[in-house]
Visitor: 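Below is one structure. I have some questions about it.
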Amino acid sequence: MQIPYINLGLQHKLIKDEILASIGNVLESGQFILGDELTKFEKSFAELHGVKYALGVANGTDALFLSLKAIGLKEGDEVITAPNSFLASASAVIIAGGKPVFADVREDFNLDPEKVEKGITSKTKAIIAVHLTGRPAPMDELMAIAKKHNLHIIEDGAQAIGATYKNKPVGGFGTTGCFSLHPLKNLAAGGDGGVITTNDDSIYKYLTVARNHGLKNRDECAFWSYNSRLDNMQAALLNVKMKYLAKWTERRRAFAKLYYDQLSDLPMIVPCDKDYEKAVYHTFIIQTEDRNELKEHLARKGVDTKVHYPIPIHYQEAAKGLGYKKGDFPVTEKQAETILSIPIYPELTDEQLEYIIEEIQNFYH
Ligand SMILES: *Cc1c(COP(=O)(O)O)cnc(C)c1O
């Protein structure tokens, strides 16, 4: 059996007629920028995350970057973020003029609040709370730290659309929540896309202008800014997918539970929801000392796996100037050698899932 790590074509095959009809309407309407489909999408995205506002932008990185601009990040300001995330959780800080400061994570891949607090200096302006793998970061602890030190929280929910923490959706805790609609994410555009959520009226007002050249209206520019909008055509596609998202998420969660039930007695760490959270399993990452051998075994058996991410951000060539070295973030560094992402997309069949589980069990027996 051949099981690819992800199958983006398959998802679209199942709902192709609906998507084509929706995109066709946009083509005929001639409304390509900031149109009705986008407004509709933003409204349903805001509802899903229990926030006042959602704003479509060009991608998840821009969502982070524009959020940092919105909180007034200045040259030299520090932002605490996770070294094990996708690199955009750090690069957005740099391109916004700030300095990323890393704090190590815990076994569940999310920021360790104690390490975050240790990283705070007089220059710290914000914490980027990454909900990595689709599991909510420890928001009670992080919010308390932010409050105590008068910092903003920017949520990086790129992998966590629809996840909840103590029954409250992510994206509504921080000053803003940032989401990616990249084709590999749980809610995927047919290309790049992103969303910013917020409950703050003035931040929202700033962002509506900031994503659109600084234009207050058609002709008047209030400040120099960027062109970072979500296309109406992408929104038309996403509006179709929004109807299926809850179902897809439930399948991811059901697969995660099955993986946990079948694999947790093997010599590996297997993710599992805490009772107060609902993770959306963008990835399902096991941790094992035999990672490379297991990856090879699965590849031989036709099961494709990935590593998210093999090179921590502080090891990247681009990060040289930040002055970190090996040993600075032991949990992240150890995990980079033991993590393995196994397939978890909603289109997997029961048969495929059983095969993956069986082959992992075979490896150990
Ligand atoms: C994907 C991702 C981003 C960046 O989103 P893009 O839409 O690709 O720009 C940022 N942070 C995390 C955690 C991500 O997974």
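Order of listing sets the numbers, starting from 1, for every ligand and every atom in it. Keep in mind it's a predicted model, so treat the numbers as computed, not measured.
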Visitor: So that I can tick it off, tell me whether Glu277 and Arg135 are bridged by a salt bridge, with the cut-off set at under 4.0 angstrom between side-chain N and carboxylate O.
Guide: yes
Visitor: Is it true that Lys52 and Asp201 have a side-chain N and a carboxylate O under 4.0 angstrom from each other?
Guide: yes
Visitor: Identify the two heavy atoms, one from Leu34 and one from Leu38, that lie closest to each other, and give their separation to 0.1 Å.
Guide: CD2-CD2, 3.7 Å
Visitor: Please determine if Lys168 and Glu155 form a salt bridge, counting it only when a charged side-chain N lies under 4.0 Å from a carboxylate O.
Guide: no
Visitor: According to the interplanar angle, ranging from 0 to 90°, do the rings of His314 and Phe329 count as parallel (below 30°), tilted (30 to 60°) or perpendicular (above 60°)?
Guide: perpendicular
Visitor: Salt-bridged, Glu107 to Lys334, with N to O below 4.0 Å?
Guide: no
Visitor: What does the N/O contact table under 3.5 Å look like for ligand 1?
Guide:
unit_1   : atom_1 : unit_2 : atom_2 : d
ligand 1 : 5 (O)  : Ser180 : OG     : 3.3
ligand 1 : 7 (O)  : Gly60  : N      : 2.8
ligand 1 : 7 (O)  : Ser180 : OG     : 2.6
ligand 1 : 9 (O)  : Gly60  : N      : 3.3
ligand 1 : 9 (O)  : Thr61  : N      : 2.9
ligand 1 : 9 (O)  : Thr61  : OG1    : 2.6
ligand 1 : 11 (N) : Asp156 : OD1    : 3.3
ligand 1 : 11 (N) : Asp156 : OD2    : 2.7
ligand 1 : 15 (O) : Gln159 : NE2    : 2.9
ligand 1 : 15 (O) : Lys185 : NZ     : 3.0

